[in-house]
Amino acid sequence: MHRYRSHTCGALRETDIGKDVRLSGWCHRIRDHGGVLFIDLRDHYGLTQVVCDPDSKAFKQAEQLRSEWVIRIDGKVRKRPEGTENADLPTGQIEVYVSEIEVLSAAGELPMPVFGDQEYPEEIRLKYRFLDLRREKLHNNIMLRGRVIDSIRKRMKDGGFFEFQTPILTASSPEGARDYLVPSRIHPGKFYALPQAPQQFKQLIMVAGFDRYFQIAPCFRDEDARADRSPGEFYQLDLEMSFVTQQDVFDAVEPVIRGVFEEFGEGKKVTPKFPMIPYAEAMSKYGSDKPDLRNPVVMQDVSPAFKESGFKIFARILETPGNAVWAIPAKGGGNRAFCDRMNSWAQGEGQPGLGYIFWREGEEGGAGPLAKNIGPERTKQIADQMGLGVGDAVFFVAGKPKDFVKFAGLARTRVGEELNMIAQDRFDLCWIVDFPMFEWNEEEKKIDFSHNPFSMPNMPVEDFLKLDPSDNDKLLAIKAFQYDIVCNGVELSSGAIRNHRPDVMKKAFAIAGYPETVLEEKFGGMLHAFELGAPPHGGIAPGIDRIVMLLAGEQNLREVVLFPMNQKAEDLMMGAPAEVTPKQLKELSIRLDLPKK
RNA sequence: GGGGGCGUAGCUCAGUUGGUUAGAGCGCUGCCCUGUCACGGCAGAGGCCGCGGGUUCGAGUCCCGUCGCUCCCGCCA
């Protein structure tokens, strides 16, 4: 017989009754009745009830066992007595009557139990991650993650993509997030950087003629964490394709993403064909470039109803060209309690308040101070435009859309949540397209890249090269071949058709106010590659952690990462980051200059 | 860097308008228990009420500061 086990803890069935078996695992739960004693023995594969009584020579030893001890047992499989079967367990028809116990590893008092599903503080969970990982939910999440990645790999390879590895120690990239730096011993005073994404490498792989690249790529960014943003490191399905249009990228990626959501979505409905929503439309309808389409609330511009109206605050705001009033409809929110709740929420968000009109029985003309101010005709105009009636409400935000759009988006989400309008049984996916190429930098009073400098402008190259760098209105209207995938309000990925032409790149940098020397300094390697025969190419990089988070139904990335860091980018289990020895620093020619407390 | 929430036993939490000796469940220790699967019963150990200061006859409770955790904003091409 094998040293540790003849079967796993999930394997035994009625067909095994009578067999002498050997099992190893953790003591999940021990129920000691004095005369008879049960041990739920657990391993990766399942749970088997092990039973012991005073007739067994292992009884004395069994009484000494405690939770999470690792043991090996020998015993005989037998049918459970009539009426004591456990239908909740695959092994619930049988039990193993133990004849011998070997303690492989004892355990002290646990800082948190493995048994049960009580919540525990992050700090303890992270410090004792290996215990947390023994628990069913996290164990399943991590296994789900592995299966999702397997599936993605298979789908990508079936789609003609080939997997590559790119360097982890590379050069600092000047744009974007803060880099993690690694000092060079051989070159005192110089540093490597961990890649924020293999962006330039994957483009160079295209220049090298490999045609279709993908990688489950680790990405490192030294930025502050969020629930859906791991500090330090995360993984992307990074991919790039040559000789493609934007539509070709969509056609390659959409089936992979949809397929994964369908395969692991446990019956939740997945968008059959991702709609393409222009950035501007997403902002005006949903107040966000990552709209949750499960929320049916759609905003509209209702400026005409307030222009020169009796509601002086809005009327005055609308005197400034470019200003607007947007309406956020709330079907079923037609009562004062709800409207007041929204209003005080808005004040908590730092807003002066949230104007509203609501309609209820007996006041079909609309209730609330705004309705009185603008009169029945304009109120009806709004009701008609928004398709609202008795039992409904509508909220208003006014001013410069650029300034209020973010708050409007939050209010839309809030309305959807408060009125339980957000469908829970769906994955609603879409493409956000036509991102602006440039944006106005108010602080520096200049034109800037709005995303990354590598996207191709969505206009004929000849026209782009002829652009007047001082024609701000025209420049700010230019769209880029830049796109996102959004699922249930979570930004899953971002991609672009790349700018592979040195002349276009030089022009784009000139428009953003950078002299050619800057381009040369920062992206010289890639620029020179493009001067030696570069195919048109483009790609995208869906976030693996976020996909798994959505599929696992979790609200936090830490629930789908094996060994995550806390919000402050500390690994509480391994104790990272940590101080290093003076010798190590000296070798690296580094002297510390720590901030005073 | 800023804002919100939380901080009481190893863990999850309760703790009245400030008022005797700070409680419960889980876990832990001991004893009892032969069919449980959240086993049950009895007894026990375990507390700088995050830390510092203040108000008060009296502070877990009120005030100020500080630290830690967490969520958010900034940041994230």
Side-chain angles (χ1 to χ4, degrees), chain A residues 28-42 47-56 59 63 66-68 78-89 91-92 95 97 107-128 131-132 173-179 195-197 199-200 219-232 234 345 348-350 406-407 410 435 437-439 448-455 480 482 491 494-496 498-499 508 512 522-523 541 543 555-556 558 566-568 570 572 595 597:
Chain A
H28 188 61
R29 195 79 176 151
I30 297 162
R31 294 175 295 279
D32 185 350
H33 291 239
V36 63
L37 182 151
F38 301 99
I39 303 161
D40 289 336
L41 198 64
R42 183 196 75 237
L47 214 62
T48 297
Q49 174 163 286
V50 172
V51 62
C52 193
D53 64 27
D55 296 336
S56 166
F59 187 69
E63 287 183 305
R66 291 292 176 269
S67 282
E68 295 308 305
R78 67 186 196 190
K79 189 169 169 50
R80 290 197 187 190
E82 190 78 29
T84 65
E85 302 89 350
N86 187 342
D88 296 333
L89 291 178
T91 60
E95 63 191 10
Y97 182 76
E109 189 175 344
L110 301 164
M112 58 179 273
V114 173
F115 172 81
D117 51 7
Q118 200 178 307
E119 305 246 8
Y120 289 88
E122 287 276 355
E123 207 174 348
I124 290 174
R125 294 183 55 198
L126 291 174
K127 184 166 180 187
Y128 299 97
L131 286 182
D132 204 11
S173 97
E175 298 288 322
R178 221 172 280 121
D179 285 314
Q196 296 182 21
Q199 180 65 34
Q200 295 191 60
C219 304
F220 306 89
R221 294 177 193 177
D222 185 5
E223 295 296 339
D224 290 338
R226 291 289 182 277
D228 64 352
R229 202 166 85 207
S230 295
F234 60 96
W345 164 80
E349 292 288 308
K406 186 162 188 175
F407 169 70
L410 288 176
F435 279 85
M437 179 88 184
F438 299 105
E439 66 185 13
D448 238 334
F449 289 111
S450 81
H451 279 78
N452 71 56
F454 308 118
S455 303
Q482 164 98 36
E491 182 189 316
S494 195
R498 319 298 174 187
N499 185 344
K522 293 181 170 181
F523 306 108
Q555 302 294 317
N556 195 301
R558 288 191 289 266
N566 68 6
Q567 190 170 340
K568 283 192 187 151
E570 297 166 315
L572 297 176
K597 287 218 169 159

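In what follows, chains carry the letters A, B, and so on, assigned in the order in which the sequence lines appear, proteins first and then strands, with residues in each chain numbered from 1.
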query = With the threshold set at 4.0 Å, does a side-chain nitrogen-carboxylate oxygen contact exist between A/E223 and A/R229?
reply = no

key: Closest to the A/A177 side chain, choosing from B/U36, B/C76, B/C28   = B/C76

query = Which value, in whole Å, describes the distance between the C1' atoms of nucleotides B/U8 and B/C71?
reply = 23 Å

query = With a 4.0 Å cut-off on heavy atoms, is A/P81 in touch with a base, just the backbone sugar-phosphate, or nothing at all?
reply = base

query = Using the P atom in both, what is the distance from B/G47 to B/A22, to the nearest Å?
reply = 12 Å

key: Any-strand Watson-Crick or G-U partner of B/G35, both distances under 3.5 Å   = none

inquiry  = Taking the side chain as everything from C-beta on, heavy atoms only, tell me whether A/E63 gets closer than 4.5 Å to A/D32.
reply    = yes

inquiry  = So if I take every side-chain heavy atom of A/H33 and compare against B/G27, B/C72, B/C33, which nucleotide ends up nearest?
reply    = B/C33

inquiry  = I'd like to know if A/E123 reaches the base of B/U70 with its side chain such that a donor and an acceptor end up less than 3.5 angstrom apart.
reply    = no

inquiry  = Counting only side-chain heavy atoms from C-beta out, which of B/C71, B/C76, B/U29 sits nearest to A/Q567?
reply    = B/C71

note = Testing B/U12, B/C39, B/C73 for proximity to the side chain of A/Y120, the answer is B/U12

message = From the set B/C73, B/C69, B/G35, return the single nucleotide nearest to any side-chain atom of A/R226.
response = B/C73

inquiry  = Taking atom types as they are modelled, would you say the side chain of A/R29 forms a donor-acceptor pair with the base of B/C37 within the 3.5 Å cutoff?
reply    = no

inquiry  = Tell me whether the side-chain N/O atoms of A/R66 come closer than 4.0 Å to OP1 or OP2 in B/U29.
reply    = yes

task = Both distances under 3.5 Å, Watson-Crick or G-U wobble: report the partner of B/C6, or none.
result = B/G68

Nearest-angstrom distance from the residue atom OH of A/Y97 to C1' of B/U36 = 16 Å

query = What's the closest nucleotide to the A/T84 side chain, out of B/C75, B/C37, B/A38?
reply = B/C37

ask   = A/R31 CZ to B/C39 C1': how many Å, rounded?
value = 7 Å

key: Short side-chain N/O contact to B/C76 OP1/OP2 from A/Q196, under 4.0 Å   = no

query = Taking CD from A/E68 and C1' from B/C11, how many angstroms apart are they, rounded to a whole number?
reply = 15 Å

key: Whole angstrom value for the distance that separates C1' of B/A38 from CG of A/N86   = 12 Å

ask   = Taking atom C1' of B/C76 as reference, at what distance in whole Å does atom CG of A/D179 sit?
value = 12 Å

Spacing between A/M112 atom CE and B/A9 atom P, to the nearest angstrom = 17 Å

message = In whole Å, measure the gap between the C1' atoms of B/C11 and B/G53 for me.
response = 31 Å

query = Looking across every strand, which nucleic acid part, if any, lies under 4.0 Å from A/K127 by heavy atom: base, sugar-phosphate, or nothing?
reply = nothing

request  = Remember a base hit wins even if backbone is also touched, and classify A/R78 as base, sugar-phosphate or nothing at under 4.0 Å, heavy atoms.
outcome  = base

inquiry  = So, taking the atom named CD1 in A/I39 and the one named CZ in A/R31, what distance separates them when rounded to the nearest 0.5 Å?
reply    = 10.0 Å

query = Looking at the side chain of A/E109, which of B/G10, B/U36, B/G68 is the nearest nucleotide?
reply = B/G10

inquiry  = Base, sugar-phosphate or nothing for A/I124? Non-hydrogen atoms, less than 4.0 Å.
reply    = sugar-phosphate

inquiry  = Distance check, C1' atoms only: B/C63 and B/G27, in whole angstrom units.
reply    = 37 Å

key: Any donor-acceptor N or O pair under 3.5 Å, side chains A/D179, A/Q196   = yes

inquiry  = Whether A/K79 contacts B/G35 is assessed here as follows: a side-chain N or O lying under 4.0 Å from the phosphate OP1 or OP2. Is that the case?
reply    = no

message = Quiz question: going by heavy-atom distance under 3.5 Å, is there a donor-acceptor pair between the base of B/C37 and the side chain of A/R80?
response = yes

query = Considering only side-chain heavy atoms of A/R229, which listed nucleotide, B/G74, B/U70, B/U36, is closest?
reply = B/G74

Which atom of A/E95 lies closest to which atom of A/P81, heavy atoms considered = OE2-CD, 4.0 Å

Inter-residue atom distance A/T91.OG1 - A/R80.CZ, 0.5 Å rounding = 6.5 Å

message = Taking the C1' atom in each of B/G25 and B/G3, what is the distance between them to the nearest angstrom?
response = 35 Å

task = Determine the interatomic distance between C1' on B/U16 and the same-named atom on B/G68; round to the nearest Å.
result = 29 Å

ask   = So does A/N566 get a side-chain nitrogen or oxygen closer than 4.0 Å to the phosphate oxygens (OP1/OP2) of B/G68?
value = no

query = Parallel, tilted or perpendicular for A/F115 and A/H28, by the 30°/60° rule?
reply = perpendicular

task = Give A/E570 one of three labels, base, sugar-phosphate or nothing, depending on what nucleic acid heavy atoms sit under 4.0 Å from its own.
result = sugar-phosphate

message = Give me the distance, rounded to whole Å, that separates B/G60 from B/C49 when you measure between the C1' atoms they each carry.
response = 5 Å

Watson-Crick or G-U wobble partner of B/G1, both distances under 3.5 Å = B/C73

message = I want to confirm an ordering. Mapping A/G34 and A/G83 to their closest nucleotides on RNA chain B, which one lands closer to the 5' end?
response = A/G34

request  = Could you grab the distance from atom CZ of A/R498 to atom CD of A/Q200, nearest 0.5 Å is fine?
outcome  = 11.0 Å

message = Say we look at B/C32 and B/A38: how far apart would their P atoms be, to the nearest angstrom?
response = 26 Å

task = Would you mind reading off the distance between A/L126 atom CG and B/G68 atom P, rounded to a whole angstrom?
result = 16 Å

query = Taking any strand in view, what nucleotide pairs with B/C62 in a Watson-Crick or G-U wobble way, both distances under 3.5 Å?
reply = B/G54

query = Which listed nucleotide (B/U70, B/G74, B/U29) is nearest to the side chain of A/R558?
reply = B/U70

inquiry  = Over all strands shown, is A/D448 touching base, sugar-phosphate only, or nothing at heavy-atom distances under 4.0 angstrom?
reply    = nothing

key: Test side-chain contact (heavy atoms from CB on, under 4.5 Å) applied to A/E68 and A/E109, step by step   = CA-CA 9 Å; A/E68 295 308 305; A/E109 189 175 344; over 6 Å; no

query = What does B/A22 pair with, Watson-Crick or G-U, if both distances are under 3.5 Å?
reply = none

key: A/A227, nearest nucleotide to its side chain (from B/C71, B/G74, B/U12)   = B/C71

inquiry  = Can you work out whether A/S67 or A/D53 has the more 5'-proximal nearest nucleotide on RNA chain B?
reply    = A/S67

inquiry  = Output the rounded distance in Å from CG (A/D32) to P (B/G40).
reply    = 13 Å

